Chemist: 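Please see the structure below; I have some questions.
Just so you know, these numbers come straight off a predicted model, no measurement behind them.
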Amino acid sequence: MAITNTTPESGDGPASESGTETPDDAARWQRFAAGHAAPAEGAPTGPGQPGRGARLTATVRRAASSEWTIAALFSIALALAMTWPLARDINQVIPHDLGDPLLQTYTLGWISESLRNDPSGIWGTNSFWPAPDSFLFTDTLLGYTPAALFATSPTSALVVYNLLFIGTFALAFLGAYALLRQLGARIAGSAVGAAAFAYAPWKLAHAGHLQVLSCGGIALALAMLARGHGYSLRGGFKPERQRPGWILAGWLTALWQFSIGAGLGIPFVYLLLGVGVVVGLHWLAKRPRLRWQTLAANGIGGTVFSLGVLWIADRHAVVARAYPEAIRDVEYISWFSPTWQSFVMAPEESRLWGEAHAAARVDLTWPPEQTLLVGFTLLALALVGLVWSVWSRWQRFWLAFGAAACIALAMGPNFLDDGAWAWRLLYDHAPGFDAIRTPGRLVIYATLILAILAAGTLTRIADAADAISHRARVDKRLQVRAPRRVQALLFLPIVLVLAEGMAVNRNQEPPQAPLDMAAVEGPALFLPMGGGDTRLQYWSIDGFVDMANGTAAFTPQAQTEISAASQSFPSEESVDALRESGIETVVVIPGWLPGSDWDGMDYESDPIGMEVERTDEVVIYHLGD
């Protein structure tokens, strides 16, 4: 049996039973039981003992064996294993498909290009020419700027994207683990809950959406803020545990999370606002003692967070005003919103449940956003946690209420009465919410709440096992844990969680560009437009030629007009219209034409008065004047 002297506030063990011994007696018993002998009489204890080298070695050894070092290393190893063989082919393939992942790889490349050459021009990319502020047409990934600086070519950008892809899972696990530990869950419960959050089956359908997978900062910021304020679910608010440094770190992490993308960032801002209101009301009612450093940290951190959010939001607001097509109406959002059945339905990418749920997905309008299974293992543990948990009855009630509210919001207009009592309130009255086309992604918060409930279940079991072991001892002066083999059993659910989170391997190898992109004279138009535009954007990392092509969250009117003018290319009318719009070069990729709106284009004849270059894969038209 393992000896422990921890308290419930630390989240590491059960509460100590009261006894008659003094604190000094109890401490001596714990040291004796742990095998720590008292210093020998006359032994050197001065400030010079042990030496500086020995102290440094001891510090390094403690850091290397600490819980957080082990948790971080485990999260990285687990992410590598769950995404394998991506790490092996990191410079050759990209996860999931050749759509959004290539777009996000291009976004990282553009950040690098603009910051190294013209930081002030970051908002207008080479895509969607001549539209301004095109960088803001989709999630910007600005939070990944330090990594993006290494994306200097298509291949290096691919490596950076894949490293970030793997890292999102590691951070999601570590962030959730930190939050659950801070709330008071035991190690096993925290590990299982963190795995359920990081590898929920619904995330498999979003393997092509780096901005959605990048949700670890949400849990990590909440953990830091809770730690900084000395708060846990088991111990409540402890004034002596306030740590202003963690509060500042929490606010900065929250800002970093928002800077990755507004799609997840906007709901997170409203979550923090809601938490702030609840905490403020609690303070007014209870008046707990707060250190001035805590108030200062919140003031500084909250101000920096607010200014950063307002700055980014203002840039997006400019786009919303300039491009009315960026706003989604209710009918459009309903097409992507989940139904009640969606939360027990797995995406086709699920290795365990994908094929079994194929028939259920047939009637969905957009399965990638409507298959939102959080995991049956997580659901089972969370349901048990509603009635048997380490969390109090009121805490369980509010957790259940929060999970239900998140599910109602995630259903968008498909909830009761067209979402009038949930999502529609935010859509109509919360600034920025009308730009979110996929409310189903709010399942992130339901998953996190269910992970807290599940961790409470496993922590209750661990506490019960320790209590039984303690009662079995004759000498009650020693607080003991259950045998290690019993504690190890509590980690078993993680196997089921990870089995549900395994994906069907769909890594894709991006094709090579059919021409030297850096040599293309812009502004250019590549035909056909549409499905292959993400590949063009990825290829354009080599030179960043101005081009009318581009894929984003919406299609600007200028691009629609250029697309319409090119439908009859290379007719005289089409050439004149494209010249008038400013297009200098048209590149036709014949292999992409079948099935597109340009199917049947006559690309074999040379128009009069136009220079034409031909290769095995492309036809290049120099429009000139």
Side-chain angles (χ1 to χ4, degrees), residues 102-103 105-138 151-154 157 323 510-552 555-567 569-570 574-590 592-593 598 601 603 606-607 609-615 617-625:
L102 288 182
L103 169 61
T105 305
Y106 158 80
T107 300
L108 296 169
W110 175 255
I111 294 174
S112 176
E113 168 72 11
S114 59
L115 293 184
R116 285 186 293 108
N117 296 303
D118 182 18
S120 64
I122 190 172
W123 308 112
T125 69
N126 66 303
S127 300
F128 297 102
W129 182 92
D133 294 323
S134 53
F135 183 61
L136 297 162
F137 288 0
T138 188
T152 58
S153 67
Y323 302 94
Q512 295 296 315
L515 75 167
D516 183 359
M517 294 291 289
V520 176
E521 182 180 355
L525 171 64
F526 293 81
L527 296 177
M529 302 178 73
D533 281 2
T534 55
R535 302 184 194 187
L536 293 169
Q537 288 172 288
Y538 169 68
W539 291 334
S540 78
I541 295 176
D542 181 15
F544 287 101
V545 58
D546 286 337
M547 60 183 182
N549 302 75
T551 297
T555 303
Q557 183 62 30
Q559 188 186 49
T560 301
E561 293 172 357
I562 291 176
S563 175
S566 68
Q567 293 291 314
F569 188 85
S574 177
V575 170
D576 290 342
L578 292 177
R579 281 173 174 165
E580 185 177 351
S581 67
I583 298 296
E584 296 285 343
T585 306
V586 174
V587 180
V588 176
I589 306 177
W592 292 7
L593 293 176
W598 291 261
M601 175 190 295
Y603 58 86
D606 295 349
M610 187 184 305
E611 181 184 349
V612 181
E613 297 180 50
R614 299 181 184 278
T615 70
E617 297 182 83
V618 300
V619 181
I620 305 173
Y621 297 83
H622 299 277
L623 271 57
D625 291 325

Chemist: Classify the side-chain pair Tyr106/Asn126 by whether it contains a donor and acceptor separated by less than 3.5 Å.
Modeler: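 Checked: Tyr106/Asn126 side chains pair up, N/O donor to acceptor below 3.5 Å.
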
Chemist: Carefully, step by step, assess Ser134 and Thr125 under the rule side-chain hydrogen bond (donor to acceptor under 3.5 Å, both in side chains).
Modeler: CA-CA 6 Å; Ser134 53; Thr125 69; 2.7 Å; yes

Chemist: Is there side-chain contact between Trp539 and Pro154, with at least one heavy-atom pair below 4.5 Å?
Modeler: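 A side-chain contact is absent here, since even the closest heavy-atom pair is not under 4.5 Å.
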
Chemist: Is the closest side-chain heavy-atom distance between Phe137 and Thr555 below 4.5 Å?
Modeler: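 No - every pair of side-chain heavy atoms lies 4.5 Å or more apart.
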
Chemist: Between the main-chain N or O of Leu623 and the side-chain N or O of Arg579, is there a donor-acceptor pair closer than 3.5 Å?
Modeler: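 Yes.
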
Chemist: Is there a donor-acceptor pair closer than 3.5 Å between any side-chain N or O of Ser112 and the backbone N or O of Ala151?
Modeler: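 Checking the backbone N and O of Ala151 against the side chain of Ser112, a donor-acceptor pair under 3.5 Å is found.
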
Chemist: Can you give me the closest heavy-atom contact between Ser574 and Ala565, atom names plus distance?
Modeler: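 For Ser574 and Ala565, the tightest heavy-atom pair comes out as OG-O, 2.7 Å.
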
Chemist: Does any non-hydrogen side-chain atom of Asn549 lie less than 4.5 Å from one of Gln537?
Modeler: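 Counting from C-beta outward, Gln537 and Asn549 never come under 4.5 Å.
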
Chemist: Looking at every heavy atom in both Asn117 and Pro119, which two are closest together, and how far apart are they?
Modeler: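 What the structure gives for the nearest pair is C-CD, 4.0 Å.
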
Chemist: Heavy-atom distance under 4.5 Å between the side chains of Arg614 and Asp606, does that happen here?
Modeler: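 With C-beta onward as the side chain, the pair touches.
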
Chemist: Check Glu521 against Thr585 and note the closest heavy-atom contact, atom names and distance.
Modeler: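 Nearest heavy atoms, Glu521 then Thr585: O-OG1, 2.7 Å.
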
Chemist: Can you tell which of Leu593, Val612, Val618 makes a side chain to side chain contact (heavy atoms under 4.5 Å, CB included) with Val588?
Modeler: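 Of the listed options, the one satisfying the test is Leu593.
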
Chemist: If every non-hydrogen atom of Pro132 is compared with every non-hydrogen atom of Tyr323, which pair is closest and at what distance?
Modeler: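 Looks like O-OH, 3.1 Å.
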
Chemist: Do Leu515 and Val587 have side chains that get closer than 4.5 Å, going by heavy atoms?
Modeler: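 Leu515 reaches Val587 side chain to side chain.
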
Chemist: Which is it for Trp598 and Ser563 under the side-chain contact (heavy atoms from CB on, under 4.5 Å) test, yes or no, and what are the steps along the way?
Modeler: CA-CA 10 Å; Trp598 291 261; Ser563 175; 3.5 Å; yes

Chemist: Before you tell me yes or no, could you show the steps for Met517 and Val545 under side-chain contact (heavy atoms from CB on, under 4.5 Å), namely the whole-Å CA-CA distance, both residues' side-chain angles and the distance that decides it to 0.1 Å?
Modeler: CA-CA 7 Å; Met517 294 291 289; Val545 58; 4.3 Å; yes

Chemist: Does some side-chain heavy atom of Pro523 sit less than 4.5 Å from a side-chain heavy atom of Met547?
Modeler: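 No; the side chains remain at least 4.5 Å from each other.
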
Chemist: Ignoring hydrogens, what is the shortest heavy-atom contact between Val520 and Ala524? Give both atom names and the distance.
Modeler: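 Looking at all heavy atoms of both residues, the closest pair is CG1-CB, 3.9 Å.
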
Chemist: Donor-acceptor pair, distance only, cut-off 3.5 Å: does the side chain of Gln559 make one with the backbone of Ala548?
Modeler: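 A pair under 3.5 Å: yes.
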
Chemist: With side-chain contact (heavy atoms from CB on, under 4.5 Å) as the criterion, how do Tyr603 and Tyr621 come out once you've worked through the C-alpha distance, each side chain's angles and the decisive distance to 0.1 Å?
Modeler: CA-CA 10 Å; Tyr603 58 86; Tyr621 297 83; 3.6 Å; yes

Chemist: Okay, side chain of Asp533, backbone of Met529: is any donor-acceptor separation there less than 3.5 Å?
Modeler: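 A pair under 3.5 Å: no.
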
Chemist: Are any side-chain N or O atoms of Trp129 and backbone N or O atoms of Leu525, one a donor and one an acceptor, separated by less than 3.5 Å?
Modeler: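 No; judged by distance alone, with no hydrogens or angles, the pair does not exist.
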
Chemist: Closest heavy-atom contact between Ser153 and Ile541?
Modeler: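 Smallest heavy-atom distance, with atoms named: C-CG2, 3.7 Å.
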
Chemist: So does Ile122 get a backbone contact from the side chain of Trp110, meaning a donor-acceptor N/O pair under 3.5 Å?
Modeler: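 Here the side-chain-to-backbone pair exists.
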
Chemist: Any side-chain heavy-atom pair from Thr551 and Thr138 closer than 4.5 angstrom?
Modeler: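 No; the side chains remain at least 4.5 Å from each other.
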
Chemist: Taking C-beta and beyond as the side chain, do Met601 and Pro590 meet within less than 4.5 Å on heavy atoms?
Modeler: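 No, too far: nothing below the 4.5 Å cut-off.
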
Chemist: Verify side-chain contact (heavy atoms from CB on, under 4.5 Å) between Arg535 and Trp592, making sure each step is shown before the conclusion.
Modeler: CA-CA 12 Å; Arg535 302 184 194 187; Trp592 292 7; 4.1 Å; yes

